[in-house]
2 protein chains.
Amino acid sequence: MSLYTIAQASEEVELTPYTLRYYEKEGLLPNVIKDSAGRRKYRDDDLQRIGFIKCLKGTGMSLKQIKEYGDLYEQGKAKFKERNAMLEEHREKILQEIKTQKKYLKMVEAKIQMKI
Amino acid sequence: MSLYTIAQASEEVELTPYTLRYYEKEGLLPNVIKDSAGRRKYRDDDLQRIGFIKCLKGTGMSLKQIKEYGDLYEQGKAKFKERNAMLEEHREKILQEIKTQKKYLKMVEAKIQMKI
DNA sequence: TCTTGACTTAGAGTTAACTTTAACTGTTAG
DNA sequence: CTAACAGTTAAAGTTAACTCTAAGTCAAGA
């Protein structure tokens with residue numbers, strides 16, 4: 001049961017403390033606890049959650065949608081179906097995006113080969 | 001030698017007229033001609049250029065960098081090396097990004113499978 | 001001739017996602 | 001005890017990339 005200060009968590013997840021506080025303010029991290037002096041303490045669970053947020057954000061999901069997903073997640077198995085539907089839809093989006101990236105890669109490579 | 005109005009070009013490249021004018025203002029489209037009434041006329045060359053801008057932008061290059069690339073392009077073969085160096089660096093970035101996307105895809109798929 | 005509609009410009013407004021500031025508080029080392 | 005330090009908050013500021021508004025121009029059809 002390790003607890004991280006915001007500086008340590010920041011280091012761990014490669015996001016600034018500003019960003020971590022911002023995510024919390026936006027409701028993406030509803031379960032971060034605070035010590036007696038009011039300072040945030042991040043648990044492994046929190047870091048995992050941040051990791052998944054980075055995954056969703058890195059694949060083009062907006063913070064607004066990530067919050068929606070997180071809100072469903074907070075409601076447990078009652079919202080399992082909705083939540084998974086979101087992920088499945090997002091999965092398609094990622095697959096499509098990878099295809100597009102590959103197409104663009106070819107375009108860039110063609111341009112490199114052009115030699116003009 | 002077909003010429004397109006901004007509305008037609010907009011349709012063709014799937015960007016709004018606002019965006020096309022904005023790109024031009026930012027110096028990304030230096031060669032768009034105008035008719036006697038001052039209205040933009042897009043040539044096939046312009047549409048091709050816009051297509052490549054979309055490729056670069058879609059793979060995460062900022063408009064600022066795209067302009068840098070375009071400026072080198074305008075200087076012809078004198079700047080060929082620099083220009084191609086940019087593209088080769090960008091190519092690496094795309095390859096890396098595709099890898100990351102694939103990793104994230106796996107994370108999402110794992111979460112879907114979790115059934116909790 | 002009049003009006004409609006598609007264009008023009010400069011400049012203001014918007015949005016997402018941070019990022020910084022200012023003022024403050026609690027903990028710790030000397 | 002006090003100075004330095006790492007955190008806190010609310011709110012303001014920043015940036016990129018659009019997106020829209022207002023006021024005007026021009027050409028074509030009734």
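Just so you know, these numbers use all the heavy atoms, side chains as well, and skip hydrogens, waters and symmetry mates.
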Undergrad: Output all residues satisfying side chain to side chain contact (heavy atoms under 4.5 Å, CB included) with B:K106, sequence neighbours left out; order by chain, then residue number.
TA: none
Undergrad: Kindly write out the residues that satisfy side chain to side chain donor-acceptor pair (under 3.5 Å) with B:E12, not counting sequence neighbours, or none if the list is empty.
TA: none
Undergrad: Test: salt bridge (charged side-chain N to carboxylate O under 4.0 Å, His left out). Region: residues 14-33 of chain B. Which pairs qualify, not counting sequence neighbours?
TA: B:E24-B:R40
Undergrad: Can you name the nearest heavy-atom pair linking B:L29 to B:I53, along with the distance?
TA: CD2-CD1, 3.8 Å
Undergrad: Residues two or more places apart in sequence or in another chain: which of them pass side chain to side chain contact (heavy atoms under 4.5 Å, CB included) with B:E74?
TA: B:P30, B:N31, B:R49
Undergrad: Report yes if at least one side-chain N or O of A:K54 is closer than 4.0 Å to OP1 or OP2 of C:dA17; otherwise report no.
TA: no
Undergrad: Under 4.0 Å between a side-chain N or O of A:T19 and OP1 or OP2 of C:dT19?
TA: yes
Undergrad: Distance check needed: C:dG26 C1' versus A:K41 NZ, whole Å only.
TA: 12 Å
Undergrad: Please find the pair of heavy atoms, one from A:I98 and one from B:L105, that lie closest to each other, and give the distance.
TA: CD1-CD2, 4.2 Å
Undergrad: At under 4.0 Å, does any side-chain N or O of A:Y23 touch on OP1 or OP2 of C:dC18?
TA: yes
Undergrad: Once salt bridge (charged side-chain N to carboxylate O under 4.0 Å, His left out) is applied, what residue pairs with a partner in residues 92-101 of chain B remain, sequence neighbours excluded?
TA: none
Undergrad: Please write out each protein N/O paired with an N/O of nucleotides 27-30 of chain C under 3.5 Å, distance rounded to 0.1 Å.
TA:
none

Undergrad: Show every ring pair (Phe, Tyr, Trp, His ring centres under 6.0 Å) that has at least one partner inside residues 10-46 of chain A, sequence neighbours left out.
TA: none
Undergrad: What are the two closest non-hydrogen atoms of B:Q8 and B:L3, and how far apart are they?
TA: OE1-O, 3.9 Å
Undergrad: Quick check: closest heavy atoms across B:D71 and B:G27, and the distance to 0.1 Å?
TA: OD1-O, 4.5 Å
Undergrad: Run the salt-bridge test on A:K79 and A:E82 with the 4.0 Å N-O cut-off and return the result as yes or no.
TA: yes
Undergrad: To the nearest angstrom, how far is A:E26 atom CD from C:dA17 atom C1'?
TA: 9 Å
Undergrad: Which residues satisfy the side chain to side chain donor-acceptor pair (under 3.5 Å) test with A:S10, sequence neighbours excluded?
TA: none
Undergrad: Between atom CD1 in A:I53 and atom P in C:dC18, what is the gap in whole Å?
TA: 11 Å
Undergrad: Touch check for B:R21, heavy atoms < 4.0 angstrom, all strands: base, sugar-phosphate only, or nothing?
TA: base
Undergrad: At a heavy-atom distance below 4.0 Å, what parts of residues 5-15 of chain A sit against DNA chain D?
TA: A:T5, A:I6, A:A7
Undergrad: Distance under 4.0 Å to a non-hydrogen atom of chain B counts as contact; along DNA chain D, which nucleotides mark the start and end?
TA: D:dA17 to D:dA27
Undergrad: If each of A:Y22 and A:G38 is mapped to the nucleotide of DNA chain C with the nearest heavy atom, which maps nearer the 5' terminus, i.e. the 5' end?
TA: A:Y22
Undergrad: Of the residues in residues 60-67 of chain B, which ones touch DNA chain C at a heavy-atom distance under 4.0 Å?
TA: none
Undergrad: Using the side chain to side chain contact (heavy atoms under 4.5 Å, CB included) criterion, which residues pair with B:Q48? Sequence neighbours excluded.
TA: none
